[in-house]
Amino acid sequence: MAQHKNTDRGYAWVVLVISWLQLVICSIVYYSPAVVNTALLEKMKEGVVKTSWVGSTVYGTFMFTAPVTSSLTNVLGGRIAAVLGGLLTLVGVSAAFFATSVDGMIVSYGLAAGIGSGLMDVSAAVIICHYFHKYLPLASGIQMSGGGAGMLIGPPLVRYLLDTFGLCGMFLILGAIAANACVCGMMFRPSPHEQQAGTKTRETPGDVTRNLMDQEVEEQPEVRTSCLQRLRSTGSEMRTVLSNVSFMLYVLSYTLWGFGESILYVHLTNFVESKGTSQQNSAMLYIAMGITSTIARVLAGFAGTDPTIGVFMLHTGMLGVAGFLIILCPLLSGSYLLQVLFCSMYGVYSGGAMALVKPITVDLVGVKQLATGYGVTNFIGGLGLLLGPPFAGFIKEVSGSYGVSFACCGSALVIGSLFSLGIPIFKRSSTSSDSHDKDMDEAAAEEYTAVASETEGQMLHIH
């Protein structure tokens, strides 16, 4: 993408602030199942495993629909996608007010709100990468701190709303909060990349002096052609991204990460309450995790700009340490102080790794294919998020404790960090292959030019 006057400066910083606010709203909805799960267990009384499907459906839908949300973002643009996401989340969360069973919660709160949150997340992620180039890791770290702020605000806020207004009243207010994403979306100007794509698709041959009536008649076919061209381009990008070995290794690492982390987010509240922690104090644990996660995301963004460190090494190290912390979680839960210490430490390493998702995706697939790559990452990663909480609930019912569940959870993160070790190796081999192919093409072109010149000289000599 050609550099634009607002790249890394000007309105780019306005977009950064607005996208940060949008991620705060998205994260409040995303992290709310951690507290809502306990309230659903008390009200619905349908068991740990079935109730866990509500939270896992929010996370799984958020990720599984990523190819759809990324395609919509490509076709409609970041502004319309953000507004649509806010409206869907408003409808889904507000509809949970009328749900009388876990199944109804899964459809409204899980599916509709999950899709809406996904649109908010993808539109914010894509537009920031269109406005930043040199300072992308830093901008990504600052933007992703919005996710940490949402974690910091969300669970305590939801706990307060539950205690004050009950489960139904909480859903209505949460839907109203989510609707503010529409305001954020309206402040997104079409990015330079979207403007270039729109200019190319709108350019059609014809008489420049045609009248206004002719323009109105031809406008709708042009819009359909533009959408079809973007959809074909997205399909081509999808095939390219799926054939990228280094990127697929990162996707596998991300999937294992999501499997383990979703277990922690959904079941941490129940686990600490089984240790004697009150409901209010269990929700306050997310404040400790949110504070350290927010700080770590900004610091990881700074560190990612240093070429001597590299985003891949940061991802591998942080994910591995976070996995070992989860394995040790049962040992660090004997008192509330130890629980706060565990959440604070986990927020540092998980939050830092989260800030690197977009820089790594851009590094592996490029800015042009960012929406598609981000969609593939979330879609495949959604499998881990969807299966993690019910799996942990099943293990808990079989074993009678969360110890084995957290051991499996942490092991998934450690294995994911090991898979990420191969990313730089395959990335270098792919780069070397591309350079070799480019050199071969240049050599072939030079040889062809020489032969053509010699043949032309012989023809002139004969004449």
Side-chain angles (χ1 to χ4, degrees), residues 16 20 23 27 121 125 128-129 132-149 151 244-261 264 289-327 342-367 370 373-374 377-378 381 384 409-428 430-431:
L16 176 60
W20 183 88
L23 275 189
S27 298
D121 178 71
I128 201 68
C129 295
F132 286 90
H133 176 68
K134 180 180 178 181
Y135 300 115
L136 177 59
L138 174 60
S140 177
I142 294 174
Q143 184 201 44
M144 292 303 291
S145 69
M151 183 192 299
N244 188 329
V245 178
S246 58
F247 174 70
M248 294 310 295
L249 276 175
Y250 176 70
V251 170
L252 181 58
S253 173
Y254 187 85
T255 303
L256 292 169
W257 177 15
F259 177 84
E261 191 163 73
L264 182 69
M289 193 183 299
I291 291 174
T292 56
S293 177
T294 302
I295 296 172
R297 293 179 191 216
V298 178
L299 294 178
F302 275 109
T305 60
D306 189 347
T308 61
I309 299 176
V311 291
F312 301 111
M313 183 61 68
L314 282 173
H315 169 79
T316 301
M318 288 183 171
L319 196 60
V321 174
F324 280 114
L325 283 173
I326 296 177
I327 293 174
F342 163 75
C343 290
S344 300
M345 294 175 63
Y346 183 77
V348 170
Y349 293 100
S350 65
M354 184 62 68
L356 304 174
V357 173
K358 287 191 286 293
I360 289 177
T361 304
V362 171
D363 194 322
L364 295 176
V365 302
V367 174
L370 171 64
Y374 197 69
T377 301
N378 287 345
C409 168
S411 299
L413 268 71
V414 173
I415 296 172
S417 69
L418 295 177
F419 274 112
S420 65
L421 289 173
I423 296 176
I425 299 173
F426 283 96
K427 185 175 183 293
R428 282 196 297 268
S430 175
T431 304

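For the single chain, residues carry numbers from 1 onward in sequence order.
When each of Ile425, Val365, Ile423, Val251 is paired with Ser246, the side chain to side chain contact (heavy atoms under 4.5 Å, CB included) condition holds for Ile423 and for no other.
Phe132 places none of its side-chain heavy atoms less than 4.5 Å from the side chain of Gln143. Using a 4.5 Å heavy-atom threshold, the side chains of His315 and Tyr254 count as separate. Two residues are said to be in side-chain contact when any heavy atoms from C-beta on lie closer than 4.5 Å; Ser253 and Leu319 meet this criterion. A 4.5 Å side-chain heavy-atom check between Ile291 and Ser344 finds every atom pair outside the cut-off. Within the 4.5 Å cutoff, side-chain heavy atoms of Phe247 are placed close to those of Thr377. Between Met354 and Ser293, the closest side-chain pair of non-hydrogen atoms is not below 4.5 Å.
Shortest non-hydrogen contact noted between Leu264 and Cys409 is N-SG, 4.4 Å. A pairwise comparison of heavy atoms in Leu249 and Phe426 identifies CD1-CD1, 3.5 Å as the closest pair. For the pair Glu261 and Ser350, the tightest heavy-atom approach, listed with the atom from each and the gap, is OE2-CB, 3.3 Å. What you find for Gly347 and Ala296 is that their closest heavy atoms are O-CB, 4.2 Å. Nearest heavy-atom pair, Ile142 versus Val298, reported as atom, atom and distance to 0.1 Å: CA-CG2, 4.3 Å. When all heavy atoms of Gly373 and Thr361 are compared, the closest pair comes out as C-CG2, 4.1 Å.
In this structure, OH in Tyr250 is found 8.5 Å from CG in Leu364, a value given to the nearest 0.5 Å. Taken from OG1 in Thr255 to CG in Leu252, the straight-line distance is 6.0 Å, to the nearest 0.5 Å. Annotation: the span from Tyr346 atom OH to Ile326 atom CD1 amounts to 4.0 Å, rounded to 0.5 Å. Residue Asp121 holds its CG atom at 6.0 Å from CG of Leu23, rounded to the nearest 0.5 Å.
Within a 6.0 Å radius of OH in Tyr349, no more than 12 heavy atoms belonging to other residues, nucleotides or ligands are found. The environment of Phe312 atom CZ is dense: over 12 non-hydrogen atoms of other residues, nucleotides or ligands sit within 6.0 angstrom.
At least one donor-acceptor pair closer than 3.5 Å links the side chain of Ser417 to the backbone N or O of Val414.
Side chain to side chain, Thr316 and Ser420 meet the donor-acceptor criterion of an N or O pair below 3.5 Å.
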